[in-house]
Engineer: 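First, the structure itself, so that you have it in front of you.
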Amino acid sequence: MQATVLLDPGRLENVVVPEPRDPGPGEALVAVRRVGICGTDFHAYAGRQNFISYPRVLGHELAVEVVGLGSGVDNVVVGDQCAVLPYLSCGDCLACRMGKANCCERIDVLGVTIDGGMRERFVLPASALFCGPGLSLDQLALVETLGIGMHAVQRGAPTASDGVLVIGAGPIGLAVAQCVRSIVGNVVVTDVSAERLAFCERTMKIDTVVSGADAAREVTEINGGDLPTLVFDATGNKESMQNAFDLVGAGGRLVFVGHTTGEVSFANPPFHRRELDLRASRNALSADWTLVLDGISAGVLDALPWINRRYALGDISRDLPILAGDPGDLVKAMVSVGGDAP
């Protein structure tokens, strides 16, 4: 069985691994069909991912087919095509008891702390599988990205009166913008890349601003003379995250969707004077997955236009290092696994 393994930072190889064991009680054996590539994979390759351990089979944006079941499974049947919730929580810690399984104290994340889906088959808890009747494999694989955006939006608690700014027009920023636009009509996206903003305008018809010295003024003009009251930073860039405090209006909320290594600092007087809320958004919850699947089925959410590179599993060890070094016009790369090659 073939798998793509990140042995340590900068060393990615295709290897042959043993066939997976039979599924136990509450587990499912799945055949991987699609794997999305995202910034987490690039950061892992470069050694800048906060939580990864090596060696590691990458892959957490997954569409799979159920090919075997252990006892006691009733949420899926053999043959189902599913999205995968890649965050496996313990169920017992304080966070889990508070309903925040996304930040479980002993969380395992596929492709980060435990081996992920960049392989042909593996066993996982059946509770991590979410069926999407009528959805394509590509749509199922993109549920994870949209789920990150949906959870961030839930953390931001938007209201109809909010002006919203999304900083970063990568896939996570696009996911946040799509999810929040279903609630708030006034959404602006900003990025340092004019090309990414042009893509955002074409695919989502959202007002965009190129980041720079005049970004605050331009955002204020678009927002009717006020700074936005809900700001999402989806860059994972320390400088951007620190500058984001200056883009939030009085009484507003700032949500950090991306994360960075090291410290992020801000000036206390303007933060205190405007009585801002600072919130983090990590991973997602099963409820977010349900909202995303419903949104895709209803045609409200659509990430398919993001896919502009396709690979077979055997090619990704050659090309992922290139993408990690210079993604160019990449928005979303999709890997096909097994007999369903591109």
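All heavy atoms count here, side chains included; hydrogens, waters and symmetry mates do not.
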Engineer: Do you see a donor-acceptor pair shorter than 3.5 Å between the side chains of Gln49 and Thr40?
Structural biologist: no
Engineer: Taking ring-ring contact (aromatic ring centres under 6.0 Å, His included) as the definition, give me every residue that meets it alongside Tyr87, ordered by chain and number, with sequence neighbours left out.
Structural biologist: Trp289
Engineer: Checking Asp138 now: which residues fulfil side-chain hydrogen bond (donor to acceptor under 3.5 Å, both in side chains) with it, not counting sequence neighbours?
Structural biologist: Arg34, Arg310
Engineer: If only atom types and distance count, is the side chain of Lys332 paired as donor or acceptor with the main-chain N or O of Ile37 below 3.5 Å?
Structural biologist: yes
Engineer: Holding to ring-ring contact (aromatic ring centres under 6.0 Å, His included), I want the full list of residues that pass it with Tyr54, two or more places apart in sequence or in another chain.
Structural biologist: none
Engineer: Side-chain contact, heavy-atom cut-off 4.5 Å: Thr290 with Phe130?
Structural biologist: yes
Engineer: Measure the shortest side-chain to side-chain distance between Arg106 and Cys93 over non-hydrogen atoms and say whether it is less than 4.5 angstrom.
Structural biologist: yes
Engineer: Taking all heavy atoms of Asn223 and all of Gly163, pick out the closest pair and write down the distance.
Structural biologist: OD1-CA, 3.5 Å
Engineer: Give the C-alpha distance, both sets of side-chain angles, the deciding distance and a yes or no for side-chain contact (heavy atoms from CB on, under 4.5 Å) between Gln154 and Leu291.
Structural biologist: CA-CA 11 Å; Gln154 299 304 305; Leu291 289 171; 4.0 Å; yes
Engineer: Between Met150 and Leu301, what is the shortest heavy-atom contact and its length?
Structural biologist: CE-CD1, 4.2 Å
Engineer: Kindly give the heavy-atom pair with the smallest separation between Ala126 and Asn75, and that separation in Å.
Structural biologist: O-ND2, 2.9 Å
Engineer: Under the side-chain hydrogen bond (donor to acceptor under 3.5 Å, both in side chains) definition, can you give me all pairs with a residue in residues 115-128, not counting sequence neighbours?
Structural biologist: Arg56-Asp115
Engineer: Can you name the ring-ring contact (aromatic ring centres under 6.0 Å, His included) partners of His259, sequence neighbours left out?
Structural biologist: Phe51
Engineer: Residues two or more places apart in sequence or in another chain: which of them pass salt bridge (charged side-chain N to carboxylate O under 4.0 Å, His left out) with Arg217?
Structural biologist: Asp214, Glu221
Engineer: Between Arg253 and Asp162, is the salt bridge (Lys or Arg N to Asp or Glu O under 4.0 Å) condition met? List the steps.
Structural biologist: CA-CA 10 Å; Arg253 287 95 67 209; Asp162 279 315; 2.8 Å; yes
Engineer: Under 4.5 Å between side-chain heavy atoms, hopping through other hydrophobics if needed: is there a path connecting Val67 to Leu313?
Structural biologist: no
Engineer: To the nearest 0.5 Å, how far apart are CD1 in Ile316 and CG in Leu58?
Structural biologist: 9.5 Å
Engineer: Between Arg274 and Gly252, is there a donor-acceptor pair closer than 3.5 Å when you use the side chain of the first and the backbone of the second?
Structural biologist: no
Engineer: Step by step, work out the side-chain contact (heavy atoms from CB on, under 4.5 Å) result for Val153 and Val176.
Structural biologist: CA-CA 6 Å; Val153 170; Val176 172; 4.3 Å; yes
Engineer: Which atom pairs, one a donor and one an acceptor, fall under 3.5 Å between side chains of residues 194-204 and the rest of the protein, sequence neighbours left out?
Structural biologist:
residue, atom, partner, partner atom, Å
Glu195, OE1, Ser193, OG, 3.3
Glu201, OE2, Thr208, OG1, 2.4
Thr203, OG1, Phe199, O, 2.9

Engineer: Can you get from Leu7 to Leu12 by hopping between Ile, Leu, Val, Met, Phe, Trp and Tyr side chains that sit under 4.5 Å apart?
Structural biologist: yes
Engineer: Name all pairs fulfilling the ring pair (Phe, Tyr, Trp, His ring centres under 6.0 Å) condition that reach into residues 94-123, sequence neighbours left out, sorted by first residue then second.
Structural biologist: none
Engineer: With sequence neighbours excluded, what pairs up with Asp74 under the salt bridge (charged side-chain N to carboxylate O under 4.0 Å, His left out) test?
Structural biologist: none
Engineer: Please tell me if the side chains of Leu88 and Pro125 come closer than 4.5 Å, counting only heavy atoms from C-beta onward.
Structural biologist: yes
Engineer: How many angstroms lie between atom CG of Asp319 and atom OH of Tyr311, to the nearest 0.5 angstrom?
Structural biologist: 4.5 Å
Engineer: With rounding to the nearest 0.5 angstrom, report the CG to OG1 distance, Asn186 to Thr229.
Structural biologist: 9.0 Å
Engineer: Name the one of Val66, Leu140, Leu62 that satisfies side chain to side chain contact (heavy atoms under 4.5 Å, CB included) with Cys82?
Structural biologist: Val66
Engineer: For Ser297 and Leu135, work out which heavy atoms get closest and say how close.
Structural biologist: OG-CD2, 3.9 Å
Engineer: Other hydrophobic cluster members with Ile222, side-chain heavy atoms of Ile/Leu/Val/Met/Phe/Trp/Tyr under 4.5 Å, chained?
Structural biologist: Leu165, Ile167, Val188, Val209, Val219, Val231, Met241, Phe245, Leu247, Val248, Leu254, Phe256, Val264, Phe266, Phe271, Leu276, Leu278
Engineer: Which pair of non-hydrogen atoms, one from Gly314 and one from Ser317, has the smallest distance, and what is that distance?
Structural biologist: O-OG, 4.2 Å
Engineer: Locate the shortest heavy-atom distance separating Ser182 from Val300; write the atom from each residue and the value.
Structural biologist: CB-CG1, 3.9 Å
Engineer: Nearest 0.5 Å, what's the CD1-CG distance between Ile148 and Asp288?
Structural biologist: 8.5 Å
Engineer: Return the set of residues passing salt bridge (charged side-chain N to carboxylate O under 4.0 Å, His left out) with Asp277 (not counting sequence neighbours), or none when no residue passes.
Structural biologist: Arg279
Engineer: May I ask you to test the Leu137-Glu65 pair for a side-chain heavy-atom distance under 4.5 Å?
Structural biologist: no
Engineer: Side chains of residues 95-103: which donor-acceptor pairs under 3.5 Å do they make with residues two or more places apart or in other chains?
Structural biologist:
residue, atom, partner, partner atom, Å
Arg97, NH1, Asp92, O, 2.8
Asn102, ND2, His151, NE2, 3.2
Asn102, ND2, Arg282, O, 2.8

Engineer: Using atom types as modelled and distance alone, determine if a side-chain donor or acceptor of Asp41 lies under 3.5 Å from a backbone N or O of Cys38.
Structural biologist: yes
Engineer: Tell me, do Thr4 and Val35 make a side-chain contact under 4.5 Å, heavy atoms counted?
Structural biologist: no
Engineer: Under a 4.5 Å side-chain heavy-atom rule over Ile, Leu, Val, Met, Phe, Trp and Tyr, are Val15 and Val335 clustered together?
Structural biologist: yes
Engineer: Starting from the C-alpha separation in whole Å, work towards a yes-or-no answer on side-chain contact (heavy atoms from CB on, under 4.5 Å) for Val77 and Asp80.
Structural biologist: CA-CA 6 Å; Val77 299; Asp80 278 348; 3.6 Å; yes
Engineer: Would you say His43's side chain and Gly39's backbone share a donor-acceptor pair under 3.5 angstrom?
Structural biologist: yes
Engineer: When you group the ILVMFWY residues by side-chain heavy-atom contacts below 4.5 Å and let the links chain together, are Val109 and Leu285 in the same group?
Structural biologist: no
Engineer: Apply side-chain contact (heavy atoms from CB on, under 4.5 Å) to residues Leu230 and Val255 and explain how you reach the verdict.
Structural biologist: CA-CA 8 Å; Leu230 178 55; Val255 181; 4.3 Å; yes
Engineer: Within the structure provided, determine whether Val5 and Glu13 are in side-chain contact (heavy-atom separation under 4.5 Å).
Structural biologist: no
Engineer: Would Val192 end up clustered with Ile172 when hydrophobic side chains under 4.5 Å apart are linked, directly or stepwise?
Structural biologist: no
Engineer: Nearest 0.5 Å, please: how far is CZ in Arg21 from CG in Leu29?
Structural biologist: 9.5 Å
Engineer: In Å, rounded to the nearest 0.5 Å, how long is the span from NZ of Lys238 to CG of Asp233?
Structural biologist: 14.0 Å
